[in-house]
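Structure first, commentary second.
From a predicted model like this one, the values you see are computed outputs, not experimental measurements. By convention in this document, chain letters (A, B, ...) are assigned in the order of the sequence lines, proteins followed by strands, and residues within each chain are numbered from 1.
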There are 2 protein chains.
Amino acid sequence: MTVTIYDVAREAGVSMATVSRVVNNNPNVKPQTRKKVFEAIERLGYRPNAVARGLASKKTTTVGVVIPDISNAIFAEVARGIEDIANMYHYNIILCNADKKKDKEIRVINTLLEKQVDGLLFMGGAVTDEHLQAFKTANVPIVLCATTDEQGLIPSVDIDHEAAAYDAVQALLKQGHTRIAMISGTLQDPSIGFARFQGYKRALESAGITYDENLVRIGNYRYESGSEAMKYFLDLSDRPSAVFSATDEMAIGAIHQIQDSGLKVPQDVSIISVDNSRMASMVRPQLTAVAQPMYDIGAVSMRLLTKLMKKETVDHAKVVLPHEIVTRQSVSAI
Amino acid sequence: MTVTIYDVAREAGVSMATVSRVVNNNPNVKPQTRKKVFEAIERLGYRPNAVARGLASKKTTTVGVVIPDISNAIFAEVARGIEDIANMYHYNIILCNADKKKDKEIRVINTLLEKQVDGLLFMGGAVTDEHLQAFKTANVPIVLCATTDEQGLIPSVDIDHEAAAYDAVQALLKQGHTRIAMISGTLQDPSIGFARFQGYKRALESAGITYDENLVRIGNYRYESGSEAMKYFLDLSDRPSAVFSATDEMAIGAIHQIQDSGLKVPQDVSIISVDNSRMASMVRPQLTAVAQPMYDIGAVSMRLLTKLMKKETVDHAKVVLPHEIVTRQSVSAI
DNA sequence: CTGTTAGCGCTTTCAT
DNA sequence: ATGAAAGCGCTAACAG
């Protein structure tokens, strides 16, 4: 039924070892024998069984990727970066959505490890002690992707979310804004939520502006929640002249809310966000945003993982990719 | 170093078979023995090796997914549908981007098959004879996802792209438009490109309108190409009063092009598209579009694949999911 | 309900 | 340059 390496060996009149060598491109094979083997492979339609190979060699050339949600544009972009580099190094990826839920994350990490992945890329919510525990039992390298652990024990690649937020708010400050609101993500989320909120507060502080909790609303990263938050701000007696949104999508919701209430962006309210997804240039006015290099985060973390898997020594196990502000039309001077 | 089923057996004072039984939830184990085994597993920190299991049982509980581009929102949505259902049936997915390139598609199909996936979900460009050939050598079920083969030999789940386009254009016709342009995808793409173009032509025909090739531009599905196509139409001496776009993203590019030239949507030009991605409600005016149920296409195709993998008999191996037009604000009467 | 025993298809020493 | 043979860790009859 299925043709095995043994069948090929017999057909070619050589040993299994020799077939294995030609299949694996081992140079120690006489060209003539190699040819014979290839012909036998062709004739029989032989297809190597990667599972058997994995068992024998203890390598599967597949890596596990745990991701919050592949249907989120930001993460999908990271995933593409990961897969491109994985492909380049002949790895395949097993993709698991875990929705930033701790239990689900732990569960998929374990099944990935059971599947004997050669390495693991983890993109999730907070990295808790339980995560650390699970990582410890893995005897394969792990890199955190678009996240970091508090203690900085695990290799990771990410941007500095706090600084990104800080820079975004600075851009608003520089235009003379002083009443600056924030549409935040949940503070439970360490990077996108908490870190960006911290950056916002630090920027305000640096300008001597006292923090006003009425100017902060927590959204769920979605368009609608951006709209709702903005509605709240607009109804304030003393409404903000500028808004910092933790994500593009909420920013766009805010923009439309402003426009729908007859006001103008940026003339009446300026808006800036962090992300710079493709959508940022697909709104009017186009959105000014701090760019997170998502594709690169994916690509670099996969590259780092390949090095770790090859046991190469790496100098920077914690890489922080630069962010930059891309100025479009949603911010103006007050 | 690594603890195996044999170690657990010794530790628990039972045979490997018994350990295997408790790990696999085989009911034929005395509760007491089961308990002993679980304790040994716990004590040793045993983690079953899925690769070894795969070799022995000839099942990997993983399915291969070839997708054009995971960073494309439409496909990412399908992928999420696939993964959710896969997860529900305890399958994992190996994800491969193939960019609708035939060579790449054939290559990943083969590596997926080498990895002994239990089934394959194929999302790609045209299904050529070479594809059919590759599918034939697979001895696992395959389902086409958001595509179909001409001959209808392979199980598939998709919408009727031709009818979707037809319906979209009908909606324009119903509003009295007669000069209707189309922003198409490449005609090489059977479903999104060619089929939608055919639907456009058929709708025109049904209304007795002669086809004018000046009213069709080929885009690349991206925002910018929608803008460019629209610019071309706007420069026509006798510009169209309505535009049908093959995708949301190009439609949004067109909307902005119209607005940037001082005209209004839908007052001056109506626009309709096929997709109904989340972006459709994130533009102003909100985009009227024929909804493709992408998540469902993914979910249903994965569900179908599970049935095929379990060798259940399926009555409809070719499922065509319904599409519906969701009316928003981008279309008005002429 | 439990144990014995062959493999699953391949890689990898170790010889030759 | 090539072959022989011993596993890799597990499942699946089969026997009892």
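Using modelled atom types, one finds a donor on one side chain and an acceptor on the other under 3.5 Å when comparing B:Asp189 with B:Tyr221.
Between B:Ser15 and C:dT4, a side-chain N or O to OP1/OP2 separation shorter than 4.0 Å is absent.
Remark: B:Phe135 pairs with B:Phe122 by the ring pair (Phe, Tyr, Trp, His ring centres under 6.0 Å) rule, at least two apart or across chains.
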* Are B:Arg21 and B:Asn28 close enough, and set up right, to give a side-chain hydrogen bond (donor to acceptor under 3.5 Å, both in side chains), and what steps lead you there? -> CA-CA 8 Å; B:Arg21 287 191 188 95; B:Asn28 291 7; over 6 Å; no

* To do: For salt bridge (charged side-chain N to carboxylate O under 4.0 Å, His left out), just list the numbers for B:Asp103 and B:Arg107, CA-CA rounded to whole Å, side-chain angles, deciding distance to a tenth of an Å, and then say yes or no.
  => CA-CA 6 Å; B:Asp103 291 355; B:Arg107 197 168 355 117; over 6 Å; no

* Could you encode protein contacts along nucleotides 8-14 of chain D as a string, one character per nucleotide from 5' to 3', using B for base contact, S for sugar-phosphate-only contact and - for no contact, with a heavy-atom cut-off of under 4.0 Å? => BBBBB--

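Each end of the helix from C:dC1-D:dG16 to C:dT16-D:dA1 yields a helix axis from five base pairs, and these two axes differ in direction by 30° (to the nearest 10 degrees).
B:Glu114 has its CD atom 20 Å from the P atom of C:dC8, to the nearest Å. Look at NZ on A:Lys59: it is 18 Å from P on C:dC10, rounded to the nearest Å.
At distances below 3.5 Å, at least one donor-acceptor pair connects side-chain atoms of A:Lys318 with backbone N or O atoms of A:Ile154.
B:Asn92 is not listed as a side-chain neighbour of A:Glu114, based on a closest heavy-atom distance of 4.5 Å or more.
Residues of residues 26-35 of chain A that place a heavy atom closer than 4.0 Å to DNA chain D, in numerical order, are A:Asn28, A:Val29, A:Lys30, A:Thr33.
Considering A:Lys307, A:Lys310, A:Arg303 as possible partners of A:Tyr89, the one that fulfils the side-chain hydrogen bond (donor to acceptor under 3.5 Å, both in side chains) test is A:Arg303.
Sorted by first and then second residue, the pairs that involve residues 115-142 of chain B and meet salt bridge (Lys or Arg N to Asp or Glu O under 4.0 Å), not counting sequence neighbours, are B:Lys102-B:Glu130. Evaluation of the ring-ring contact (aromatic ring centres under 6.0 Å, His included) test over residues 10-58 of chain B, restricted to residues two or more places apart or in two chains, returns none.
Note that the CE atom of B:Met302 and the CG atom of B:Asn87 stand 10.0 Å from one another [nearest 0.5 Å].
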